[in-house]
Structure formats: structure tokens, C-alpha cells
**Q** 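The structure follows.
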Amino acid sequence: MTCARFREELGGHVLGALEPSECDAVAAHLARCPECAAEHERLAGLLPLLARADGLEIPTAPVAVEERLLDRVASEHRGRRTRTSRRWAAASRGRGRALAAAALAGAALGAGVTAFALGGDERPTPGSDYSLVLSGAGGASARAEFAPGREGTEVHLWVKGLPPDGDAVYEVRCERAGWSASAGTFRADARGRAYVVLTTAARLGEYERIRVVRRSDPRDADVLTGEV
Amino acid sequence: MPTPPRSAAEDAVLVERLSADETGEAMRRLYRLFGGELYGFALNALGDRGSAEEIVQEVFLRAWRHAGSYDPGRATVRTWLYQITRHAIIDARRRAAVRPGLPHHDPAEEAEGASLEQAMLGWQVAAALERLTPEHRQMIRMAQFRGLTMREIAEHTGLPLGTVKSRTWYALRSLRLVLEEMGVVPS
């Protein structure tokens with residue numbers, strides 16, 4: 001038998017899963033082939049590690065923890081902004097309020113965009129399960145399409161009429177009474193339009209309404225809302 | 001489904017983005033990558049779902065607050081998160097020792113630390129197995145965890161014996177590479 005054939009026996013040999021005669025043949029080959037012996041040693045080093053993983057199954061990360069975590073991070077970010085704002089206000093005393101406000105806007109924002117904005121492209125989504133119209137104040141509106149996936153629901157959202165604030169970060173939430181799951185965040189373009197594809201861990205049937213809120217709004221007021 | 005290949009450098013970039021990212025996306029991604037295994041580790045160590053959830057939440061908050069101190073040259077993100085979790089578990093056990101109602105563990109802290117190190121290793125290997133293809137994972141599980149021979153696996157799966165043998169070899173080689181990439185074994 002060639003080295004290549006013996007190599008294929010090494011997995012079974014390392015795991016003690018060969019028949020006794022096969023095992024003897026591999027052992028004899030290893031005694032005279034340093035390359036195969038080195039490969040065997042590399043693989044054999046896995047055995048004690050594998051023994052530690054026996055019976056361990058990676059569980060799904062709890063969705064509730066994810067939501068609490070993101071809420072905590074968002075609220076601590078708000079706290080940081082407030083503290084930054086106070087420092088800026090103190091530093092700018094005597095230099096004019098307008099100048100300080102402009103500097104603050106630049107300092108507080110600048111986070112990465114989490115979804116992509118494509119303007120007004122309203123192509124239908126293949127595989128979407130149902131759709132929904134969301135309405136909001138000031139002429140803002142949106143259409144959402146939902147497609148179930150293995151990990152939750154994919155949400156396609158077409159938004160228009162948002163205030164022209166390129167720095168505003170909006171969050172999409174799937175909710176029912178006493179329960180909320182975030183689908184992610186997006187920014188709109190200069191015309192207040194966005195097309196985003198987000199994924200929420202919530203499954204179809206687990207939520208009753210969709211809300212879009214401005215992430216930095218401490219009142220958590222609806223920007224857009226729609227009942228499922 | 002195997003986890004898509006991801007490099008340690010990509011994980012490090014994610015941590016770098018954490019503190020400045022007001023959208024929460026970096027945190028969400030980090031949590032979805034590592035939350036499951038860290039939750040399993042904490043649940044196994046504490047034996048209580050509520051406590052394990054608290055620990056995992058605390059771990060990611062600590063990671064967020066101290067993201068600036070993460071040094072990719074010293075440890076992978078996974079190893080760093082596991083170390084934070086280990087400390088959080090030890091803290092929780094200390095609190096449990098003075099709080100009735102939570103599981104009480106051996107107060108011999110050195111032994112406790114060593115046992116947590118071993119458990120951490122086990123969970124990282126379990127995570128590495130998850131990153132293999134289902135076919136490769138199946139071979140290792142059947143031979144190592146169920147104690148079947150190559151011949152018995154061939155009979156059980158209906159695959160030719162040669163395929164079972166070569167697949168097992170490739171499975172172990174893949175596992176070794178994943179563990180090297182994760183920093184669990186030296187490359």
C-alpha cells in the first residue's frame with residue numbers, strides 16, 4: 001500500500017476505529033515512514049481535546065439577552081452623548097451657541113451604516129411571505145415585506161418621506177404587548193428614502209406590529225408604525 | 001449548517017468597531033457569533049439558565065466597555081471573550097456562596113479556575129466541530145463519541161468503507177486547521 005492509502009487510514013487509526021489487522025498494518029507503516037508518523041502525531045494531538053467536547057452541544061444564543069444587551073448599549077451611548085454634550089457646552093461658552101451645536105452634531109455621530117440605502121428601488125422581493133404598509137407623521141411612509149428564514153424573518157423595507165437628516169439612525173422593531181425584537185438599524189438618504197434588508201430573530205406570528213423609531217430619541221416615539 | 005469561514009482578523013475588526021458603533025450592529029454580530037457557546041459554557045458551569053443569561057449579558061457589556069484594551073496580538077477575540085466569561089463565572093460563584101438560592105460550588109478557587117479552563121477548552125472544541133461540514137462532523141461524532149468502527153460507520157451510513165476512512169481523515173485535518181485558526185492549538 002502507498003503512503004497516500006495509509007494516510008487515509010490515519011483518521012480511523014487515531015480514533016481507534018480500525019479493525020485489529022488494519023491497525024497493525026498502519027502501525028508497521030508508521031514505524032518506517034517519518035512523514036506519515038508526523039501526520040499521525042498532529043492528528044493524535046486532537047484526541048484529548050475531543051474528549052473534552054464529548055456531550056457538548058452549542059446552544060442557541062438567547063434572543064432575550066441580545067435585546068437587553070442592545071438596549072443597554074443604546075442607553076449607555078445616549079448617556080455618553082449627554083455627557084459629551086455637557087462638556088462641549090461648557091467648552092464653547094463665550095464662543096457662540098451656533099458654533100457649539102454644529103461641532104456637537106459632528107462629534108456625536110459618525111457610526112457605521114448598518115444597512116444599505118438604494119433610494120426608491122421598489123422591486124418585489126422573491127420569496128417574501130406577506131407585506132405591510134407603515135405610516136408615520138409628516139408624510140413618512142413605508143412598505144415592508146417579510147420572508148421567513150431559518151434564523152428568523154428577513155424584512156425588506158422601502159421607506160420614503162423621512163426628515164432629511166443624513167445622520168439619523170432608525171431602528172426597526174417587531175413587537176407585541178410586553179415583547180420586542182429588533183430587526184436592525186438603517187439610515188435614510190438625503191431625500192429621506194431608504195431600501196434596507198434586515199433580519200430579526202423574531203419569527204412570523206411572534207409579533208403584532210412593526211415600529212420604526214429614531215434610535216437617539218429618548219421618548220422612543222414612533223416614526224413609522226404598522227399592524228400585522 | 002457549518003459556520004461560514006471567518007478569520008480571527010475579522011473578529012478583531014468587529015471588536016475595534018464596538019465602542020464607536022452607535023447602531024449596535026457590531027455588538028449584535030459579535031453576540032450572534034459567540035453568544036451561543038459562551039451561554040453554553042456559563043450554563044454548564046452554573047447550572048442555572050437565569051444566571052447564565054446574566055453572565056453572558058455581563059460578558060458582552062464588559063467587552064463593549066473595554067473593547068479599547070483588546071489586543072489582537074495577545075489573544076483571539078474568542079479567547080478574550082472566554083477569559084471574560086471565566087472571570088464572570090468565578091465572580092458569580094463567589095456571590096452565590098453568600099447568596100442563598102443560587103447553586104453553590106467548591107470554594108477551592110484554584111481547582112475551580114483549572115476546571116473552568118478545561119471546560120473552556122471543551123466548549124471551544126465543540127465550537128470548532130460546529131464549523132466543520134455536517135459530513136465531517138458526523139464521522140468524528142460517530143467514531144469518537146459513539147465509539148463506532150470505520151466498518152460500523154460504513155454499514156450505518158451506507159457509504160463505502162474507503163469513503164468513510166478518507167472522510168474521517170479529512171475531518172480530523174479540517175478540525176485541526178479550525179482549532180489552529182481559533183488559536184486553541186498552535187499552528
Side-chain angles (χ1 to χ4, degrees), chain A residues 5 7-12 14-19 22 39 42-43 45-62 64-66 68-74 76-78 80-81 108-115 150-151 169 171 182 184-187 201 215-216, chain B residues 1 17 20-28 31-32 34-40 43-44 49 53 56-57 60-61 64-65 118-119 121-130 139-140 143-145 147-153 162 164-173 175-176 179 184-185:
Chain A
R5 290 299 304 274
R7 288 276 169 108
E8 295 195 351
E9 304 271 343
L10 288 184
V14 162
L15 297 176
L18 294 182
E19 304 302 320
E22 296 169 325
E39 167 79 351
R42 271 171 59 79
L43 299 184
L46 297 173
L47 266 188
L49 297 173
L50 277 171
R52 304 228 165 268
D54 196 357
L56 300 183
E57 293 279 346
I58 305 285
T60 306
V65 176
E66 180 179 316
R68 288 201 299 266
L69 187 61
L70 291 174
D71 284 348
R72 269 295 280 285
V73 169
E76 291 197 24
H77 264 304
R78 280 197 290 272
R80 281 185 191 178
R81 272 202 303 273
L109 293 160
V113 178
T114 58
R150 211 173 73 85
E151 296 177 343
V169 176
E171 182 174 15
S182 176
T185 53
F186 69 94
R187 281 183 168 132
R215 189 103 202 198
S216 58
Chain B
M1 196 165 53
R17 282 175 48 206
D21 178 21
E22 293 197 22
T23 67
E25 273 311 300
M27 175 57 85
R28 185 195 309 276
Y31 179 78
R32 290 185 181 179
F34 299 108
E37 58 189 278
L38 295 177
Y39 174 66
L43 180 59
N44 209 248
R49 284 180 188 279
E53 288 192 2
V56 172
Q57 185 176 331
F60 283 92
L61 280 175
W64 179 66
R65 288 177 188 137
Q118 297 304 319
L121 198 55
W123 283 99
Q124 290 180 81
V125 176
L129 284 168
E130 287 297 311
M139 293 301 118
I140 293 179
Q144 172 68 12
F145 299 146
L148 300 182
T149 65
M150 297 283 101
R151 201 170 301 280
E152 287 167 337
I153 294 173
V164 170
K165 287 179 175 176
S166 63
R167 200 174 275 183
T168 304
W169 178 53
Y170 282 114
L172 287 180
R173 281 167 61 97
L175 179 64
R176 171 95 204 180
L179 288 169
V184 176
V185 296

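All figures in this text were calculated on a predicted structure; none of them were measured in a lab. So that the names make sense, note that chain A is the first sequence line, chain B the second, and so on, each numbered from 1.
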**Q** With a 4.5 angstrom heavy-atom cut-off, which part of Val164(B) approaches chain A: side chain, backbone, both or neither?
**A**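 For Val164(B), neither part sits under 4.5 Å from chain A.
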
**Q** Using heavy-atom distances under 4.5 Å, tell me whether Leu49(A) contacts chain B through its side chain, its backbone, both, or neither.
**A**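 It is both, since atoms from each part get that close.
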
**Q** Can you tell me how far the OG1 atom of Thr60(A) sits from the CZ atom of Arg32(B), to the nearest 0.5 Å?
**A**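 Taking OG1 in Thr60(A) and CZ in Arg32(B), the distance rounds to 12.0 Å.
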
**Q** If the threshold is 4.0 Å, N to carboxylate O, is there a salt bridge linking Lys165(B) and Glu8(A)?
**A**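 Judged by the 4.0 Å cut-off on N to carboxylate O distance, Lys165(B) and Glu8(A) do not form a salt bridge.
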
**Q** Would you call Pro62(A) and Arg49(B) a side-chain contact if the rule is heavy atoms closer than 4.5 Å?
**A**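 No, their side chains stay 4.5 Å or more apart.
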
**Q** Enter the distance from Glu53(B):CD to Glu66(A):CD here, rounded to the nearest 0.5 Å.
**A**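 The CD atom of Glu53(B) sits 12.5 Å away from the CD atom of Glu66(A).
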
**Q** Between Leu38(B) and chain A, which part of the residue has a heavy atom less than 4.5 Å away: side chain, backbone, both or neither?
**A**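 For Leu38(B), neither part sits under 4.5 Å from chain A.
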
**Q** Test of understanding: with side-chain contact (heavy atoms from CB on, under 4.5 Å), list the residues that count as partners of Arg42(A), not counting sequence neighbours.
**A**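 Scan of Arg42(A) (side-chain contact (heavy atoms from CB on, under 4.5 Å), adjacent residues dropped) gives Glu39(A), Arg176(B), Glu180(B).
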
**Q** Who among Arg68(A), Arg52(A), Glu171(A), Glu22(A) has the most heavy-atom pairs with chain B under 4.5 Å?
**A**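 Of the candidates given, the most pairs with chain B belong to Arg52(A).
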
**Q** State, with a plain yes or no, whether a side-chain heavy atom of Leu129(B) is found less than 4.5 Å away from one of Leu50(A).
**A**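 Touching, per the 4.5 Å side-chain cut-off.
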
**Q** Could you tell me whether the side chain of Tyr31(B) reaches within less than 4.5 Å of the side chain of Leu69(A), counting heavy atoms only?
**A**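 Yes, side chains in contact.
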
**Q** Under the side chain to side chain contact (heavy atoms under 4.5 Å, CB included) rule, what do Leu10(A) and Thr168(B) come out as? Steps first, then yes or no, please.
**A** CA-CA 8 Å; Leu10(A) 288 184; Thr168(B) 304; over 6 Å; no

**Q** Top residue by heavy-atom pair count (under 4.5 Å) with chain A, among Ala171(B), Ala143(B), Gly35(B), Ala126(B)?
**A**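 Highest number of heavy-atom pairs under 4.5 Å: Ala126(B).
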
**Q** Rounded at 0.5 Å granularity, tell me how far CD in Gln144(B) sits from CG in Leu47(A).
**A**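 Reported value, rounded in 0.5 Å steps: 5.5 Å.
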
**Q** Considering only heavy atoms and a distance below 4.5 Å, find which of Gly16(A), Gly55(A), Pro59(A) pairs most often with chain B.
**A**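 Answer, by heavy-atom pair count under 4.5 Å with chain B: Pro59(A).
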
**Q** Do Leu46(A) and Ile140(B) have side chains that approach each other closer than 4.5 Å (heavy atoms only, starting at C-beta)?
**A**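 Sidechains of Ile140(B) and Leu46(A): no contact.
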
**Q** Where does Glu57(A) contact chain B at under 4.5 Å (heavy atoms): side chain, backbone, both or neither?
**A**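 Contact with chain B involves both backbone and side-chain atoms of Glu57(A).
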
**Q** Does any non-hydrogen side-chain atom of Trp169(B) lie less than 4.5 Å from one of Leu43(A)?
**A**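 When only atoms from C-beta onward are counted, Trp169(B) and Leu43(A) do touch, with a gap below 4.5 Å.
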
**Q** Taking side chain as C-beta onward, heavy atoms only, is Trp123(B) less than 4.5 Å from Ile58(A)?
**A**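 Answer yes - side chains close enough.
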
**Q** Measuring heavy-atom distances to chain A, does Arg167(B) have an atom under 4.5 Å in its side chain, in its backbone, in both, or in neither?
**A**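 Looking at Arg167(B), nothing touches chain A.
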
**Q** Heavy-atom distance under 4.5 Å to chain B: side chain of Leu70(A), backbone, both or neither?
**A**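 When you check distances to chain B, only side chain atoms of Leu70(A) fall under 4.5 Å.
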
**Q** When rounded to the nearest 0.5 angstrom, what is the spacing between CZ in Phe145(B) and CG in Asp54(A)?
**A**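 Output value for this atom pair is 5.0 Å.
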
**Q** Nearest 0.5 Å, what's the CG-CD distance between Leu56(A) and Glu130(B)?
**A**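 Between Leu56(A) CG and Glu130(B) CD, I get 10.5 Å after rounding to 0.5 Å.
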
**Q** Any idea which of Met139(B), Glu37(B), Arg151(B), Gln124(B) has the most non-hydrogen atom pairs under 4.5 angstrom with chain A?
**A**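 When all of Met139(B), Glu37(B), Arg151(B), Gln124(B) are compared, Arg151(B) has the most.
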
